[in-house]
Amino acid sequence: MSSANFQSIPTLDYSLATSVPESRLKFISQLRTVLVNVGFLYLSNTPVDEDLIHKLKHDYVPRLFGLPQEDKDRIKMANSPHFLGYSRMGMELTKGEVDWREQFDFGTGFEGERLLKKGDPAYWNVYGPSQYPSEDQLPGFKSLFEEYLAQVSALASDFLRLVSEALGLPPDTLDQFYQTNDRMHLSKIIKYPIQRESRQGVGAHYDGAMLTFLLQASEEHRGLQAQNLRGEWIDVPPKPDTFVINFGRSLEFVTQGVVRATSHRVLAPPLDSKTPRYSIPFFYSGMDLEVRVDESALKMPSGILQLRDERGVLPETESINYPEYAHDVAGKVYLLGRAKSHPDVAERHYPDVFKELFPNGMPLHGVAY
């Protein structure tokens with residue numbers, strides 16, 4: 001059985017990457033195998049503060065969703081042209097079925113509003129400030145979560161350089177897609193409640209960002225699954241003191257299909273569960289808005305291309321999202337993806353995009369694909 005038909009998700013020890021040269025080479029070799037054949041991994045021993053994670057998982061996240069509905073609705077996503085804020089449960093569809101999740105979307109470190117001139121592309125407005133609950137409603141949450149995002153963002157930046165090395169490229173190769181300071185990465189805090197209607201927490205999909213760092217904040221709940229080359233769904237259960245990392249379509253495009261963007265989904269907690277599932281994905285999504293990944297394919301070493309060819313062509317899966325990377329700049333791809341998922345935001349802030357995507361008017365739910 002080839003490793004591309006993985007039956008479990010490998011764990012990599014980040015401390016090896018920051019250790020003596022022999023240990024670093026071992027880590028790079030392990031990462032290369034994961035990049036080509038699996039597309040998913042657990043990462044242990046990261047520098048992200050453990051106390052910060054504990055407070056977030058066990059204190060702030062349950063209290064965030066426990067806020068009165070009217071307080072959550074005050075920061076609803078429709079207020080924000082940047083698609084940041086609160087979304088009620090069941091507002092999105094994947095492949096025609098409701099995604100049973102409630103969520104808050106937050107961005108990193110972008111405080112001001114961009115001033116657009118007539119004729120500027122609409123997607124220049126996708127990055128902007130987040131909406132947080134007030135300090136009275138949830139004291140300390142904003143400062144703690146911003147610190148968490150800063151630490152995970154720094155880890156993701158360092159990890160992207162390890163990805164370059166694992167692909168036989170200079171460490172700073174992938175930095176070329178993140179040159180401007182005027183950018184934002186996206187994070188979500190998600191609640192998957194116990195559901196009678198459906199087990200679909202979120203349907204099968206790819207991520208667009210080069211890297212996703214997921215904190216599975218409910219260690220008692222399975223639910224995340226990744227799809228191998230045979231189409232089998234493989235469990236990615238919570239593992240204490242780790243992040244789950246997966247690779248997105250943009251990275252697959254720029255590496256000539258060497259890196260594997262892996263289809264994945266989340267199942268809602270079963271009926272015998274006593275608590276909901278919480279998760280906190282961080283998407284290293286803040287590419288320069290004018291980058292076209294289809295025109296920026298990297299010259300890959302012949303030995304790395306051979307590994308891709310030995311793996312074989314990636315099959316079609318249930319996930320078909322982010323095809324726009326084949327012909328559009330990153331900013332437009334991001335805007336279209338967000339507008340499809342959140343048509344109420346598009347109608348209010350991007351009416352031309354809304355009319356293009358939804359010529360028959362407002363759908364009952366957002367439709368990612």
Side-chain angles (χ1 to χ4, degrees), residues 1-12 27-43 94-97 159-160 162-164 166-169 174 199-214 216 222-239 242-267 281 283-284 293-294 297-298 300-326 368-369:
M1 175 174 54
S2 75
S3 55
N5 282 317
F6 58 90
Q7 295 296 306
S8 61
I9 304 302
T11 300
L12 274 63
F27 182 92
I28 293 296
S29 176
Q30 293 172 341
L31 179 57
R32 182 180 303 118
T33 298
V34 173
L35 285 163
V36 176
N37 292 311
V38 184
F40 260 74
L41 63 110
Y42 295 101
L43 190 66
T94 299
K95 299 188 77 67
E97 292 190 30
F159 192 84
L160 196 67
L162 294 170
V163 169
S164 293
L167 297 173
L169 302 168
L174 292 168
R199 285 299 311 280
Q200 179 164 299
V202 60
H205 65 285
Y206 298 112
D207 289 344
M210 288 196 178
L211 303 174
T212 299
F213 278 67
L214 174 68
Q216 299 199 78
R222 305 168 81 89
L224 178 62
Q225 296 182 323
Q227 198 169 23
N228 67 17
L229 286 186
R230 282 202 294 257
E232 300 167 323
W233 287 106
I234 307 303
D235 285 334
V236 190
K239 191 171 184 178
T242 66
F243 288 94
V244 174
I245 298 177
N246 67 276
F247 308 107
R249 295 303 304 280
S250 56
L251 190 56
E252 185 179 291
F253 269 92
V254 301
T255 60
Q256 301 184 48
V258 171
V259 175
R260 180 174 173 185
T262 298
S263 173
H264 54 287
R265 68 183 184 185
V266 177
L267 302 180
F283 306 98
Y284 201 67
V293 297
D294 63 312
L298 302 170
M300 306 299 294
S302 58
I304 297 296
L305 291 174
Q306 183 178 349
L307 293 175
R308 176 200 64 186
D309 296 341
E310 290 172 353
R311 175 200 66 203
V313 177
L314 295 174
E316 292 186 4
T317 70
E318 297 178 38
S319 301
I320 57 174
N321 51 330
Y322 293 107
E324 297 91 353
Y325 277 122
Y369 60 100

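Between Phe213 and Phe283, the distance from one ring center to the other does not fall under 6.0 angstrom.
Remark: the Thr262 side chain and the Asn246 side chain contain no N/O donor-acceptor pair separated by less than 3.5 Å.
Between Leu169 and Pro301, the shortest heavy-atom distance links the atoms CD2-CD, 3.9 Å. Annotation for Arg260 and Leu229: closest pair NH2-N, 3.5 Å, computed over non-hydrogen atoms. When all heavy atoms of Val266 and Leu224 are compared, the closest pair comes out as CG2-CD1, 4.0 Å. Scanning all heavy atoms of the two residues, the minimum distance from Asp294 to Ala326 falls at OD2-O, 3.0 Å. Nearest heavy atoms, Ala166 versus Leu35: CB-CD1, 3.7 Å. Scanning both residues, Val244 and Gln216, for their nearest heavy atoms gives CG2-NE2, 3.5 Å.
To the nearest 0.5 Å, atom CG of residue Leu43 and atom CZ of residue Phe27 are 5.5 Å apart. Atom-to-atom distance recorded for Gln30:CD and Leu12:CG is 4.5 Å, nearest 0.5 angstrom. To the nearest 0.5 Å, the span separating CZ on Arg308 from CG on Leu305 amounts to 4.5 Å. For the atom pair CD1 (Ile9) and OG1 (Thr242), the distance works out to 11.5 Å, reported to the nearest 0.5 Å. Expressed to the nearest 0.5 Å, how far CD1 of Ile245 lies from CG of Leu31 amounts to 8.5 Å. In this structure, Leu298 CG and Thr255 OG1 are separated by 7.5 Å, a value rounded to the nearest 0.5 Å.
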- side-chain contact (heavy atoms from CB on, under 4.5 Å) evaluation trace for Leu307 with Thr33: CA-CA 9 Å; Leu307 293 175; Thr33 298; over 6 Å; no
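When side chains are defined from C-beta on, Leu160 counts as touching Tyr284, because their heavy atoms get closer than 4.5 Å. Looking only at side-chain heavy atoms (C-beta outward), Leu214 and Val236 stay at 4.5 Å or farther from each other. At least one side-chain heavy atom of His264 sits under 4.5 Å from a side-chain heavy atom of His205. Looking only at side-chain heavy atoms (C-beta outward), Ile234 and Glu232 come within less than 4.5 Å of each other. Side-chain contact between Gln7 and Arg230 is present, with heavy atoms from C-beta onward closer than 4.5 Å. With a 4.5 Å cut-off on side-chain heavy atoms, Val259 and Val36 do not count as touching.
Contacts of Thr11 classified as side chain to side chain contact (heavy atoms under 4.5 Å, CB included), with partners at least two apart in sequence or in another chain: Tyr42, Ser44, Lys239. Under the side chain to side chain contact (heavy atoms under 4.5 Å, CB included) criterion, Gln225 pairs with Trp233, Asp235, Arg265, Leu267, sequence neighbours left out.
Between Phe247 and Phe159, the ring planes are parallel. Angles under 30° get that label, and only those over 60° would be called perpendicular.
Proximity of a side-chain donor or acceptor of Asp207 to a complementary backbone N or O of Gly248 within less than 3.5 Å is not detected.
Cation-pi geometry between Arg249 and Tyr325 is not satisfied (NZ or CZ under 6.0 Å from the ring centre, within 45° of the ring normal).
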